[in-house]
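Input: a single structure, listed below in structure tokens.
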Amino acid sequence: MAKKQKLKIIPLGGLDEIGKNITVFEYGKDIIVVDCGLMFPDEEMPGIDIVIPDMSYLVKNSDRVRGVILTHGHEDHIGALPYLFRDIDVPVYGTSFSLGLVENKFKEHGLSSKTKMVAKKPGDIFPVGCFNIEFIRSNHSIPGAVALAIHTPIGTILHTGDFKIDSTPIDGEMMDLARIGELGKQGVLALFSESTNVERPGFTMSERTVGVTFDEIFRNNQTNRIIVATFASNVHRIQQIINAAYNYKRKVAISGRSMMNAINVAIELGYMKVPKNTIIEIEEIERYPAEKLVIITTGSQGEAMSALTRMAFADHKKVSITHGDTVIISATPIPGNEKTVSRVINQLFKLGAEVIYESLADIHVSGHACREELKLILSLAKPKFFFPVHGEFRHLMQHAKLAQSMGIDEDNIYILTIGEVMELGRDSCKKAGTVPSGKVLVDGLGVGDVGNIVLRDRKHLAEDGLIVVVVNIDCQSKEITAGPDVISRGFVYMRESEDLIEAIKDCARNAIEDCLNKNVGDWNTIKSRVKNKISDFLYEKTKRKPMILPVIMETE
């Protein structure tokens, strides 16, 4: 009898970080990919637009990739798909809403519409290579979220995706805990469970609580124009805003391209029900009095180019914030965005708006499970092996401890590392090498052409500025024929620092003449000497270290 092969598990993102979730499952010659997300840059990545996983392992093994399976349509789970599909073309499986968002994304990137999109519903079981994939209904802050039961030749893997247990969801479809319990009775080999909210005790509040708060705010602001900023993908939140607007006889205008895309997909697929004549074009808002308007907008994270930020800084073409506006920011700042959100809130207050944000009212609930919900999944699934995923290292550690407290053997709990290959058998789990992995930085149309050295230079320029020294040298006589000239950017204001600029010129001239007198004819050596001399001089004078670029031009 042939010996059973091992299931290889290769996380390429989503561990020790928030975002760029992607996990590879490999058995024999078949590979499936669960999610393919991006993350947004932090302050250590100046000029970077987005960060995607290193997917070179999948490109190298593209002939074995059988499909990509999506748990839901958030950017941190689908955002890197267009970059993967530049190099491979396999079916994408997801619920209709997830695939609707993916199709929009592919169109924006000019990708072929030939990619096979296979829509599945919760409860469906379908083959992908040697795997049988089962969609299990879940709750999250976006429609169409599912958990996955991956039935493999060696056992069942349960992957929660992002989830919460909402007993009163807006669409009336509660997470299918009964099916998870059934799978637990049949035997779950391994559980992959998200860890984002593991530090929060208790249960996550239901999305319906936000609807109650909206109703109260609308009732208390019947003479004001209301502007609500939230996540474009949170269709259930947007539905509740529209419901409140309709109840108080207000028209709704939408601002922000991603918001319009998400709402159009949701209406088209039946995830949203909008009363007739409720939504108007943003251009029409001038025709209605303030108390009859609600504007739903992007920008709840203070993003520089978002609609709310442009409104706050008087840069929006259609909407100007005025005294008497009520602005609701229905979101929690993602870690790292707190300063930008505060800046927008402060600016809105300066313009005379009343701003309601999370610390003032229950206008946001998380889409992620808290400790008691995570414990419930652990107790229902009863996995032999446990892998905490989707979170920073402290989240993964806390989730591992939680699993241990629920009776899972410490030796069967593994905190994975991005790029690490784990080989899972029916009774064993061990590390088996690594694959290429890490962060690929996207800047404009450039993918991966900005690395650590370029980032270091950008940070250097941002922190200390730039000095350019230009000099002409005669090739024959080896004498300076023009310059040195000095250009300063971000270091000192030249008109007010003439003495320092002259001193830099003298320093450069002396270094060059010293080299020429010693018959040093290699321009790179001369540049290096100039750079070092000026650097030492400036540090002594200013205790600052600007980037120094010597430019030598030859004349004949």
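- With hydrogens and angles left out, the side-chain atoms of S195 and H395 include no donor and acceptor closer than 3.5 Å.
- Of all heavy-atom pairs between A232 and I238, the closest is O-CD1, 3.5 Å.
- The minimum heavy-atom distance linking S62 with I88 is given by the pair CB-CG2, 3.3 Å.
- Using modelled atom types, one finds no donor on one side chain facing an acceptor on the other under 3.5 Å when comparing H368 with R200.
- Ring-plane geometry between Y414 and F385 is classed as tilted, the angle between the planes lying from 30 to 60 degrees on a 0 to 90 degree scale.
- Judged purely by distance below 3.5 Å, without hydrogens or angles, the side chains of E268 and N264 never pair a donor atom with an acceptor atom.
- Judged by distance alone, the side chains of S206 and T209 never bring a donor and an acceptor atom under 3.5 Å apart.
- K105 approaches I78 most closely through the heavy-atom pair CD-O, 3.9 Å.
- Of all heavy-atom pairs between P11 and T417, the closest is CG-O, 3.6 Å.
- Looking only at atom types and distance, the side chain of E373 has a donor-acceptor partner in the side chain of T204 under 3.5 Å away.
- A donor atom on one side chain and an acceptor atom on the other are not found under 3.5 Å apart for S141 and N234.
- Here the closest non-hydrogen pair linking V235 and P143 is CB-CG, 3.5 Å.
- Not a single donor-acceptor pair under 3.5 Å links the side chain of D76 to the backbone N or O of G37.
- When side chains are defined from C-beta on, D54 does not count as touching L12, because their heavy atoms never get closer than 4.5 Å.
- Checked against a 6.0 Å centroid threshold, the rings of H72 and F163 do not count as neighbours.
- Although no hydrogens or angles enter the test, the distance criterion places no donor-acceptor pair under 3.5 Å between the side chain of N132 and the main chain of H151.
- Ring planes of F25 and F192: perpendicular class, angle over 60° (limits at 30 and 60°).
- Side chains of H364 and S330: a donor-acceptor N/O pair is absent below 3.5 angstrom, by distance only.
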Kindly determine whether E423 and K431 satisfy salt bridge (charged side-chain N to carboxylate O under 4.0 Å, His left out), including the steps that lead there. CA-CA 6 Å; E423 280 192 349; K431 295 176 184 177; over 6 Å; no
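- In plain terms, the two heavy atoms of P153 and Y27 that are nearest each other are CG-CE2, 3.5 Å.
- Remark: side-chain polar atoms of D35 are paired, donor with acceptor, to backbone N or O of T71 under 3.5 angstrom.
- Checked options I10, V128, V65; the residue passing with V33 is V65 (criterion: side-chain contact (heavy atoms from CB on, under 4.5 Å)).
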Can you check side-chain hydrogen bond (donor to acceptor under 3.5 Å, both in side chains) on E108 and N104, steps first, answer last? CA-CA 6 Å; E108 286 173 13; N104 272 341; over 6 Å; no
Between R371 and E199, is the salt bridge (charged side-chain N to carboxylate O under 4.0 Å, His left out) condition met? List the steps. CA-CA 7 Å; R371 285 177 75 85; E199 294 171 331; over 6 Å; no
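- Aromatic ring centroids of H390 and H77 lie under 6.0 Å apart.
- Under the 4.5 Å side-chain criterion, counting only non-hydrogen atoms from C-beta, H109 is in contact with Y83.
- A side-chain contact (heavy atoms from CB on, under 4.5 Å) with F386 is found for exactly one of V188, I413, I415, namely I413.
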